[in-house]
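Note sheet for the following structure.
In the text below, chain A, chain B and the rest are named by the order of the sequence lines, each starting its count at 1. What you see is a predicted model; the values in this text were computed from it and never measured.
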Amino acid sequence: MKEADGGPIITLTTDFGLQDHYVGVLKGVILGINPRAQLVDISHNVTSFSITEAAFSVAAAYPYFPRGTIHVVIVDPGVGSSRRPVAAHIKDQYFVAPDNGALSLVLEAEPQAEVVEAADRRYFLSEVGHTFHGRDVFAPLAAWLSRGIKLEDLGSHLLDPVKLKFPVPEFLPDGNLAGQIIHIDKFGNLISNIPAPILQEALNKSGKSNYQIYLGGRSITRIVEYYAQGKEGEPCVLFGSTGRLEIAANKAGADKILGIGLGTKFIVNFI
Amino acid sequence: MKEADGGPIITLTTDFGLQDHYVGVLKGVILGINPRAQLVDISHNVTSFSITEAAFSVAAAYPYFPRGTIHVVIVDPGVGSSRRPVAAHIKDQYFVAPDNGALSLVLEAEPQAEVVEAADRRYFLSEVGHTFHGRDVFAPLAAWLSRGIKLEDLGSHLLDPVKLKFPVPEFLPDGNLAGQIIHIDKFGNLISNIPAPILQEALNKSGKSNYQIYLGGRSITRIVEYYAQGKEGEPCVLFGSTGRLEIAANKAGADKILGIGLGTKFIVNFI
Amino acid sequence: MKEADGGPIITLTTDFGLQDHYVGVLKGVILGINPRAQLVDISHNVTSFSITEAAFSVAAAYPYFPRGTIHVVIVDPGVGSSRRPVAAHIKDQYFVAPDNGALSLVLEAEPQAEVVEAADRRYFLSEVGHTFHGRDVFAPLAAWLSRGIKLEDLGSHLLDPVKLKFPVPEFLPDGNLAGQIIHIDKFGNLISNIPAPILQEALNKSGKSNYQIYLGGRSITRIVEYYAQGKEGEPCVLFGSTGRLEIAANKAGADKILGIGLGTKFIVNFI
């Protein structure tokens, strides 16, 4: 890396929280190996042990980072067991994580990913414990990658990285579309698994011109382009910043208004 | 910017929270445009949709940043609507925000501010959506400013940026002063809208030598210089770090002890 | 510092929270004095006024930082009073804090520490208030140290820095060991004050081969190496990432399962 680049970027997505010293330790380890690394937090408030939430966050964030960025994803309830550490090269970016599905959505979006089992202990801390591989394994791996170590140097190719099944939208026999809430954000926006092109395809097939949402025993008919077009405190439907169908509310939390939790299923009814 | 400068500083003040990928995305976008930017978080835990809280935070923080710093302030319930993006040059620092009043307190403190409507889409991301202008508009604007683009290049001068009315202290007919709690901090300190010189002026006019506070049906008489001079767990009054009158409690939260919320009015009674 | 170093590292451990502008202000002050400083947050969510929690966090984190790192620790209920600011040089790293015990665990671990009373106001902000010495005193001190000012230049040697007594494990007359929960982390892991070598020593003395834990009226017998070896949702015992005995639970919070709080005492019973 040239000086003018500002140093290689390493992002962190973990469930370590911001209360303890854990995230600070990751950063100390990385800067000890590569003092020029630029550290960016994606989130450390991933729900404890939620691999799917970490998978969602890193998949939503990485397209906005420059080439060469290294993303470290650590939600690791299996730390110390035989689960493998992996490193991946996907579309000119790099990923380091336990092989537990944390990279599922990234790998799904980019089938030409190159994945290795990062087994070479030269790129770990010299002492590796049983309970904090973020510190002992994943932070060092990322730091060495940022210093120019090649992916292939970390270990041999892995053909079967763990991939979790995320719920996909279903085309129903009656022509409607079934979706699921896969993320609820800080504002209470209910983010679904239905990307805009899938909804458009189903709408075209249906021969109808509009749609409403059946969710939690309620029908939501207000389709808008941006939040402020909704009535204050009432649910509306739009395509959010990840390109997915989202149930929201202007200046309020749709999760609270509707009493809806993660995983709730709903119907897109074409009318 | 010269290398020895460590790179231009860009601060972020938002209501995006630290749970989702949103703040990480802002940083990825900025570093993609200017890899040398140094990113500093002021706060991402601004109460959702609270433009006034963001206005308070950035106004309290910016005087402590070096010249050339660029402050991005994003609390943007009107995202996607016709509200304008603005950029401002104030006392050798820069500000980027939606034109919704988020810069009110900064503009009030510095009437010679130069403000433009940042309308030139060359300095946005190539695709601009309807729901996340932090990513598509404000982060890119800040990054381009940090690369030396001039304020005038972003758009034409704006003479009427939105300014919210913040409550001002009132001199009462009986010679007393009426104030309001405008911020409650993490420690439960109740920060008012009364700056030290205003209180001094009112005290001088009153011909009295001391004062007490009437707040929430209670009178608070213990005037101190620092928290530890208060009795543990009992309310006291002092001038806090923003130079404003503050009701606090030694090693305890004055908000809880007094059961007081944001916006509560009180009287400074000269005695 | 040479350019290739990426700039001197300054870490921050405070109870300022992430809601207000306070942490941003610390960073602005530091970057105003040394634009090349690299800022790393250890934690800002230390429990308000808890000097012992800050002492724990910085002691757990600093061994993972490279030489030359400067650690700022600010939990400062005595701000504005006569308590002294201190700076210390310990094992090629630096520490800046109020002299209230925040460095107790670091000083205990490293008896050859060099400690000064940082009294030279040339290295403070020009105006020093009574309520925010993080901004006016500690951030500037750290920034000046990072620019190469020597520890001795900050003030004269201090032989009696405040050291808080942390609970130590007790060897009981019956051969058992008594410990205490000194930290509960984000996952609900109960971290004790018993380091592995002390337990090993007591086990050897006892002539026994195994142990169980008596905690909160319950005996915990499942001794594991890593979390996933425990049964889901049931308490187990292991040595955690700080090398101390820890009561945990696989994919669950041991604190909630056991209803245990900070400071709880327990017995290690050799069997």
**Prompt:** Hey, are the side chains of L26(B) and I74(B) touching, using non-hydrogen atoms and a 4.5 Å cut-off?
**Reply:** yes

**Which portion of R135(C) sits near chain B, non-hydrogen atoms under 4.5 angstrom** = side chain

**Request:** Would you check if I9(B) and P66(B) make a side-chain contact, meaning some heavy-atom pair closer than 4.5 Å?
**Result:** yes

**Prompt:** Contact part of F16(C) toward chain B, heavy-atom cut-off under 4.5 Å: side chain, backbone, both or neither?
**Reply:** both

**Prompt:** Among G32(C), A139(C), S81(C), A37(C), who wins on heavy-atom pairs under 4.5 Å with chain B?
**Reply:** S81(C)

**Request:** For salt bridge (Lys or Arg N to Asp or Glu O under 4.0 Å), just list the numbers for K186(C) and D255(C), CA-CA rounded to whole Å, side-chain angles, deciding distance to a tenth of an Å, and then say yes or no.
**Result:** CA-CA 10 Å; K186(C) 184 255 192 178; D255(C) 58 342; over 6 Å; no

**Message:** Is I30(C) in contact with chain B via its backbone, its side chain, both, or neither, using a 4.5 Å heavy-atom distance?
**Reply:** neither

**Item:** Test item: L258(B) and I247(B) side chains (from C-beta on) under 4.5 Å apart, heavy atoms
**Value:** yes

**Asked** Is it the backbone or the side chain of T47(C) that comes under 4.5 Å from a heavy atom of chain B, or both, or neither?
**Response** backbone

**Request:** Any chance you could measure Q38(B), atom CD, to S146(B), atom OG, to the nearest 0.5 Å?
**Result:** 11.0 Å

**Prompt:** Does a salt bridge link R121(C) with D136(C), judged by any charged N lying under 4.0 Å from a carboxylate O?
**Reply:** no

**Heavy-atom proximity to chain C below 4.5 Å, by part of A248(B)** = neither

**Message:** Is Q229(B) close to chain C through its backbone or its side chain, or both, or neither, when contacts mean heavy atoms under 4.5 Å?
**Reply:** neither

**Prompt:** chain B: which of L31(C), V25(C), V79(C), D20(C) shares the most heavy-atom pairs with it under 4.5 Å?
**Reply:** D20(C)

**Prompt:** Quick one: do the Q93(B) and H71(B) side chains pair a donor with an acceptor below 3.5 Å?
**Reply:** yes

**Request:** Measure distances from I184(B) to the heavy atoms of chain C and classify the residue's part below 4.5 Å as side chain, backbone, both or neither.
**Result:** backbone

**L238(B) portion near chain C, given a 4.5 angstrom heavy-atom threshold** = side chain

**Request:** Could you tell me which portion of I42(B) (side chain, backbone, both or neither) has an atom closer than 4.5 angstrom to a non-hydrogen atom of chain C?
**Result:** both

**Asked** Y62(B), Y227(B), F56(B): which one forms the most heavy-atom pairs within less than 4.5 Å of chain C?
**Response** Y227(B)

**Prompt:** Less than 4.0 Å between a side-chain N and a carboxylate O, is that true for K27(B) and D41(B)?
**Reply:** yes

**Asked** Among T14(C), V29(C), D76(C), whose side chain to side chain contact (heavy atoms under 4.5 Å, CB included) with F138(C) holds?
**Response** D76(C)

**Prompt:** Of the listed residues (A228(B), G243(B), S43(B)), which shares the most heavy-atom pairs with chain C below a 4.5 Å separation?
**Reply:** S43(B)

